[in-house]
Each structure stands twice: as C-alpha cells, then as structure tokens.
Amino acid sequence: MIPQDRFRSLFHKYLLALFVAVATPLAFNGVIEGWFGYRDQRARLDQWLGLQSASAAAEIHDFIHGITTQLGWLVQLPWTEEPDERRRTDALRLLRQAPAIASLTLLDGNGLERLYISRIGLNRVESRADRSADPALVGARAAQIWFSDVSYNRGSEPYLTIAIVGNRPAVGVVVAEVNLKLIWDVISAIKFGKTGYAFILDRSGRLIAHPDISLVLRGAEEATSKRFRAVRDAIGPGRGFATSRDAQGHYVAASAAPIQGTDWTVVVEQPLSEAYAPIYAALWRTVMLLAISSLLAGALAYALADRMTEPIKLLEEGTERIGAGSLDHRISIHTGDEFQRLANSFNKMASELELAQQHQERIARLRRFLAPQVADLVDRAGDDSVLDGRRTEVVVVFCDLRGFTAFSAGAAPEEVMRVLSEYYESLGGVIAKFEATLINFSGDGLMVLVNAPVPIEEPALRAIDLAVDMQRNVQALIAGWRLHGYHVGFGIGLASGPATVGRIGYKDRLDYTAIGSVVNLAARLCASAADKEILIDAKVAAGVKGKRPIADLGHREIKGYDEAIPVFGISFDSLSGRGRPSAG
C-alpha cells in the first residue's frame, strides 16, 4: 500500500479553498484592498509629483541658463581705451533677442562702467563711473556667475540681477537686470493633470512666478506670499509630497524642487480631489463588487478547477525552456502539493546541469589561450588571478609561413584551408607540449608567450626548444606540400623582455594578451627570418648561452628601429643529433 503523502491532495485543498472563499467575510477583503490601493496611490503620487517638480525646476533653470549663456558672449574680448561701438551693437542686439533683460551694464577689468543700455532709462556710453565696489561685480568675481536677491520694481514687478565675469580679468563683467515677470510664459506652460500647476518662490519665500500674473505683481506683499510659503514649508526637505491648503483654502498635494544657481524653489500642487480620484474610483468599484460577490460564489468552483491547470502549464513551459538550453530558468510553483515537489526536482536538475555547463565553459575559455595542463591547473585551484594584468618578464615567439600570400592567391580555397588546418594542428601540439600560451593567430601567423601567465624555469631555453620543435614539425609538412607544388617556407622570431600581460576584452569575450616593445621586436624578427631560420634577440641568446648552439648573425637593420640591433640565430638542423628537446 502506498503511504499517505505529507502534502494535501488536490481534492481536499480545493474543497477547503472553496469553503473559505464563501465563508470568509468579503468585507474584510474590501478593506484590505482599499488600504493597499490607498498606499500604492500615495507612492505613485509622491513619485509623480516629485518628477513634475524636478521637470519644472529644470525648465526654469533652462530659462535662466539661456539668459546667462547669451550674456556670456558680451565678455569675450578685452577692453581698450577707445569706445567700443561693436559692444554697443551687440548689447542692443541682445536686448532684442532676450525680452526679459531690462538693462545691461558693461564694466571693464578695472570695474569702470563703459556702457549702460536700458529699455526704460537713458543709455550711457563711457561714463567711466567706478563700480568696483558694486556687490554684483564682487559676487561675479568670486563665483563667475552671480545672482542677486529678487527685488520688486515699484513694489510689483520682480527683478533679478545677474552678473557674469569673463574668463580673463581684462574682458570685464556684464551686469543684467532681468524682469522675472516674463517667466510667466514658462510657468504658465507647465501643466499636469487637469488643474495642477506650478509656482516659484525665492529664498525668503516671496512669490516670483505664478500662472496668475496678478498674484506675482502683488508678490512683495507679505499677505500674498505667506499662503504660498506655507505650502512650501509644509513639504520640508526630503519628505516627498505633502498635503496643505492652497490660496482658496482647498486641500492640495504639493511637491517642491530647488532651482540650481538661483536658490529658488519651484512648487507643484494638485487638488487632493483630483490626485486621489483613482482611489475614490477604486473604492466605489469595491463596493459594487461586494454587492454582487454572492453571484460569483457559483463560479468559484469552476475558477479553482481552471487554476489547477496553471501549475501544469508552468511545468510544461519550464521543461521546454530547460530542454532548449536555458539552464538558468527556474520553475516557480508554490502550491504545497505534488506540483511543487515536481517543480523542485526539475529546478534541482537544471541547477546541476547549469553548474556542469559553467564548468565546461570555464575550461573551454581557459583552453583558448592556455595549454590544456595549465588550464586544468587554474581550474583545479579555483583561482584565475594569475590571468589578471601585471608586469613580468616574458619570451614572445612569433612565427608565420613565407610565401603564403602568393600560395593562397593561386590555390583553391579548399586547399588553402587544408594546408592551414595541418599547419595549426601541428603547431598546436607543440605549443601544448611545451606548456606555452597561445595569444592569437591570424592567417598564417601565431603569437605565443612563454613564462606567462604561469612562470617557469629557464623560459629562454624553453622558448628556444619550442621554436626548434616548431621548425622541425612545420618543415616536415612543407616537404609534403612541395610535392604538390606549394612553395612556402617557415620563419620564427623570438624576443625576451618585460611586458604587460593579462586579460582584455568584455564580459562575454576575454582574451589573454601581452603588450610591450618586446612584442614588436619579436614580430619584426619573425618578419626578417627566412625559411628554416630562427632569429632571436640578444637577451634570449644570453639566456641559452652554452646550452644551445647559437650563431651571432651580427647587427641587422630591423624595420621600426632607428639603429641596427644585434641578431642571433639557431638552426633546428644543428640540434637534430640531440634528439627532440624536452618540455621540462
């Protein structure tokens, strides 16, 4: 007899769910839904109002920044002692282009007034009045761009003084009086929702911009600004949106954001009736649902039976994705029955398969540029820090076929690929045998590192034996190729010295490489090597002196070097009687 499973059967579970669904007071569900709906709506409202206030602050900042940018063109050139008619023309042009600018004052590097242009006053040219103690000049020299506190012309129109100093003392300072009443065009265009709007307060809380221009013209009055300042103060720093009363006494939701540079605050507000309209609508829908909930009891059994098929669909979809290779996919079923246990089994299997795949991919990535035994060593140690970037002594080996370009141009593509396949197969075995690091191969050329990433004893000797074995194997292939009329040769270049080695690339593709002058030298020596020739630099020759027969080939002109350098050679024929060199 099959023992009783500790999970509840589907029959008992759904029977109990149906009973609870009918017996539990539906009003409790309505209360919970209303609470969470209210909380979610407040969170969305906070985020939305914060975004609107930040956007409004950015628009006002762009308005002010546009004016400062235009003013900056007036302080580009140094002053001379002669009257500058060009500056007067530029100033008049700027007044036409920027209607918000009421007047312009240009001061030279000594703080003397050289030009004053005004829309409402008399212009002055070369008055030479000393303005060096003017707060605008002092502030601009200290902060590059200076903004004054807002003042009210004739107690109504808000004005702002902006002073900008040039990048050199000799170009002087431009001081502009800006009529902030024209910000109305910007602030009145900021709309959100049906009735939401924005307004601006200065540092002291006075109203300087509002869609209702009549309120702005009374902004100097404490009674006018007080009610707007109360909204700003109710928000406070870092508190998100707040609720307060607007000028008409209606409750509003408001958020504020600072305007860079001017130390102003932009406040956006929306009536609570509009802001919470989705909540009111949701509550009304909940009441309606509670009224007709008794009609849904008959359909509940059908709905539960339908929901029973959902875990089966999840299992089917999950197994298909895992079978297609998406081993990181997990089947999420929390039913507490046989479906959950089956899903857990599939997830465990997928996790084990994913670990196995990751292990195989790790080994495959390491073996792209490391000898198999070195890759296995790094994998067993579980630490690939040896592949991190560092500076070390290496021996760089470059090799390629002589005459391969002419051969590939005249041979059939299939023959070219067959020759390259034999060529790389032969060299790959030699590289693995001597535990060298294959950096890259392109066409018929290869670059190999010795002594990195894993250090070895006598790297110069290992590199020489590697090169000789390469020549021996490739020359055996060349002998066969020449029987088919393929006239190619094989040359090798070696150089030793410090280089920066490490991984390079991006997340999904990393290669191990070396950077340094020793790489260039090895490549040049390889390019200079004739068929059957192995050219080495003086440092490699010194490292194997007395251990391998080295021939001094004298000084040679090497491309890329200003002076001839000493070059040495070693012939693989000279070692034929010594047997194959050892990798250890």
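Atom set for the values below is all heavy atoms of this structure, side chains included, hydrogens, waters and symmetry mates excluded.
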side-chain contact (heavy atoms from CB on, under 4.5 Å) between V448 and L466: does it pass, once the steps are laid out? CA-CA 10 Å; V448 178; L466 167 69; 4.0 Å; yes
Cation-aromatic face contact R503/Y512, 6.0 Å, 45 degrees: no
Would you kindly check if the NZ (Lys) or CZ (Arg) of R141 is within the cone defined by 45 degrees around the ring axis of W146 and under 6.0 Å from the six-membered ring centre?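 No, a cation-pi geometry is absent between R141 and W146.
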Worked verdict on V544 versus I550 for side-chain contact (heavy atoms from CB on, under 4.5 Å): CA-CA 8 Å; V544 298; I550 302 297; 3.7 Å; yes
May I ask you to check whether over 12 heavy atoms, not counting those of Q144, lie within 6.0 Å of atom CD?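 Counting neighbours around CD of Q144, more than 12 heavy atoms of other residues, nucleotides or ligands fall under 6.0 Å, so yes.
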Would you say F441 has more than 12 foreign heavy atoms packed within less than 6.0 Å of its CZ?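 Not more than 12 within 6.0 Å, no.
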Taking only Lys NZ, Arg NE, NH1 and NH2, and the carboxylate oxygens of Asp or Glu, determine whether [X] and [Y] approach each other closer than 4.0 Å.
X	Y	answer
R87	E85	no
E393	K539	yes
R114	E82	no
E458	R462	no

With rounding to the nearest 0.5 Å, note down the distance linking [atom1] in [X] to [atom2] in [Y].
X	Y	atom1	atom2	value
F63	T68	CZ	OG1	11.0 Å
L449	I439	CG	CD1	4.0 Å
I259	I64	CD1	CD1	8.0 Å
I162	I101	CD1	CD1	7.5 Å

Classify the ring geometry of F490 against Y423: parallel below 30°, tilted from 30° to 60°, perpendicular beyond 60°. perpendicular
Over 60° means perpendicular and under 30° means parallel, so classify the ring planes of H61 and H65, tilted if in between. parallel
Please assess R203 against W264 for the test side-chain contact (heavy atoms from CB on, under 4.5 Å), listing each intermediate value before the final yes or no. CA-CA 6 Å; R203 183 189 301 111; W264 297 345; 5.8 Å; no
Does any part of the side chain of [Y], heavy atoms only, come nearer than 4.5 Å to the side chain of [X], both counted from C-beta?
X	Y	result
V519	F398	yes
I536	I534	yes
D552	P566	no

Identify the two heavy atoms, one from V430 and one from N473, that lie closest to each other, and give their separation to 0.1 Å.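 For V430 versus N473, the nearest heavy atoms are CG2-ND2, 3.1 Å.
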Determine whether I565 and D537 satisfy the following criterion, side-chain contact (heavy atoms from CB on, under 4.5 Å), listing intermediate values before the conclusion. CA-CA 8 Å; I565 65 173; D537 70 344; 6.0 Å; no
Side chains of Q475 and D531: any donor to acceptor distance under 3.5 Å?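 There is such a pair between these side chains.
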